[in-house]
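These notes are about the structure you will find just below.
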Amino acid sequence: MKRGKPLKRTRGARPEQRRFLIYCEGECTEHQYFKGLRAELRALPVAVCLGGEHGEPKSLVKAAIEHKNRAPSSASDRWTAYDEVWCVIDVEAPVPHEGLADALKLARRNGIEVALTNPCFELWLLLHFQDVRGYCTSAEAQKALEKLGSCGYSVSRKHLVYESLRDGHTQAEELARALRGRKKGYADNPWTDVDRLVGLLKAARHGRP
């Protein structure tokens, strides 16, 4: 019995995943958030690093630049450059970081993107559960998130349960965009553009530019 020709399987070209390198200023909260997001996105290559002196934006940016430059010759980075390198930085309130403006200039000169929050990253987390419109200090934002009791956060140990944030992402994104509708940029309080980074990561997971 003569066999027919085997069927040819056409394989579509699988888009290459974009590689993100994210340097976080915070020791716990930001790390737990982006590691949780990375787990949710699964296949997306995201490296979450703690660099520089905690609380000092310029040293954080310098650490990210150094990592970006060494990645193509580093085994731990698969000898591959990152498509995007980000620093996640708090403005802080009532007293903003003294070296923030210099850090932002350094980042721009070296192709580093920055996700900023005024006063601190905890504001971005709060937006997953409620609207925040009034001025708040870093300590007030942290205490408000702790009092909410919705994501396991506490000021003393900076713990975070990422899964509790998933359902609130769309709301947080909309509220963050609304906060950016004012004129002063990151000098406004409250203000955040962390949603830009999160949106890019989610888009990259689904092969969108």
(request) Apply side-chain contact (heavy atoms from CB on, under 4.5 Å) to Glu98 and list each qualifying residue two or more places apart in sequence or on a separate chain. (result) none

(request) Using side-chain contact (heavy atoms from CB on, under 4.5 Å) as the criterion, list what pairs up with Lys184, not counting sequence neighbours. (result) Ala187, Asp188

Please examine the side chains of [Y] and [X], heavy atoms only from C-beta on, and report whether any two atoms are closer than 4.5 Å.
X: Cys24; Y: Cys49; answer: no
X: Tyr186; Y: Leu100; answer: yes
X: His159; Y: Tyr153; answer: no
X: Ile22; Y: Leu201; answer: yes
X: His97; Y: Glu56; answer: no
X: Arg18; Y: Tyr82; answer: no
X: Glu122; Y: Thr29; answer: yes
X: Val114; Y: Trp86; answer: no

(request) Identify which one of Val132, Asp193, Leu127 satisfies the side-chain contact (heavy atoms from CB on, under 4.5 Å) criterion when paired with Leu179. (result) Leu127

For residues 64-71, which side-chain N or O atoms pair as donor and acceptor with protein atoms under 3.5 Å away, sequence neighbours left out?
{"residue": "His67", "atom": "ND1", "partner": "Tyr23", "partner atom": "OH", "Å": "2.9"}
{"residue": "His67", "atom": "NE2", "partner": "Asp77", "partner atom": "OD1", "Å": "2.8"}
{"residue": "His67", "atom": "NE2", "partner": "Asp77", "partner atom": "OD2", "Å": "3.2"}
{"residue": "Lys68", "atom": "NZ", "partner": "Asn110", "partner atom": "O", "Å": "2.7"}
{"residue": "Asn69", "atom": "ND2", "partner": "Ile65", "partner atom": "O", "Å": "3.3"}

(message) The criterion is salt bridge (Lys or Arg N to Asp or Glu O under 4.0 Å); which residues satisfy it with Glu40, sequence neighbours excluded?
(response) Arg166, Lys202

My understanding is that only residues two or more places apart in sequence, or in another chain, count here; which of them pass side-chain hydrogen bond (donor to acceptor under 3.5 Å, both in side chains) with [X]?
X: Gln32; answer: none
X: Asn118; answer: Asn189
X: Glu30; answer: none

Shortest non-hydrogen contact from [X] toward [Y]:
X: Thr192; Y: Val194; result: OG1-N, 3.2 Å
X: Ala93; Y: Thr137; result: O-CB, 3.5 Å
X: Val61; Y: Ala103; result: CG2-O, 3.8 Å
X: Val161; Y: Gly152; result: CG2-CA, 4.3 Å

(message) If you count heavy atoms of other groups shown closer than 6.0 angstrom to CZ of Arg78, is the number above 12?
(response) no

(message) Once ring-ring contact (aromatic ring centres under 6.0 Å, His included) is applied, what residue pairs with a partner in residues 127-147 remain, sequence neighbours excluded?
(response) Trp124-His128

To the nearest 0.5 angstrom, please state how far the [atom1] atom of [X] sits from the [atom2] atom of [Y].
X: Gln142; Y: Leu126; atom1: CD; atom2: CG; result: 10.0 Å
X: Arg19; Y: Thr80; atom1: CZ; atom2: OG1; result: 5.0 Å
X: Cys120; Y: Glu92; atom1: SG; atom2: CD; result: 6.0 Å
X: Cys87; Y: Leu104; atom1: SG; atom2: CG; result: 9.5 Å

Examine distances only and state if a side-chain atom of [X] and a backbone atom of [Y] form a donor-acceptor pair shorter than 3.5 Å.
X: Asp90; Y: Thr117; result: no
X: Ser74; Y: Pro72; result: no
X: Arg38; Y: Val46; result: yes

(message) Under the side chain to side chain donor-acceptor pair (under 3.5 Å) definition, can you give me all pairs with a residue in residues 168-179, not counting sequence neighbours?
(response) none

(message) Can you pull out every salt bridge (charged side-chain N to carboxylate O under 4.0 Å, His left out) where at least one residue sits in residues 128-145? Sequence neighbours excluded, please.
(response) Asp131-Arg133

(request) Determine whether the aromatic ring centres of Tyr162 and Tyr33 lie less than 6.0 Å apart. (result) yes

(request) Start with the C-alpha gap between Leu200 and Glu84, add the side-chain angles, then the distance that decides, and say whether side chain to side chain contact (heavy atoms under 4.5 Å, CB included) holds. (result) CA-CA 10 Å; Leu200 283 172; Glu84 297 198 31; 3.7 Å; yes

(request) Indicate whether any N or O donor in one side chain lies under 3.5 Å from an N or O acceptor in the other, for Glu146 and Ser154. (result) no

(message) Grouping I, L, V, M, F, W and Y whenever their side-chain heavy atoms are under 4.5 Å apart, do Leu160 and Leu148 come out in a common cluster?
(response) yes

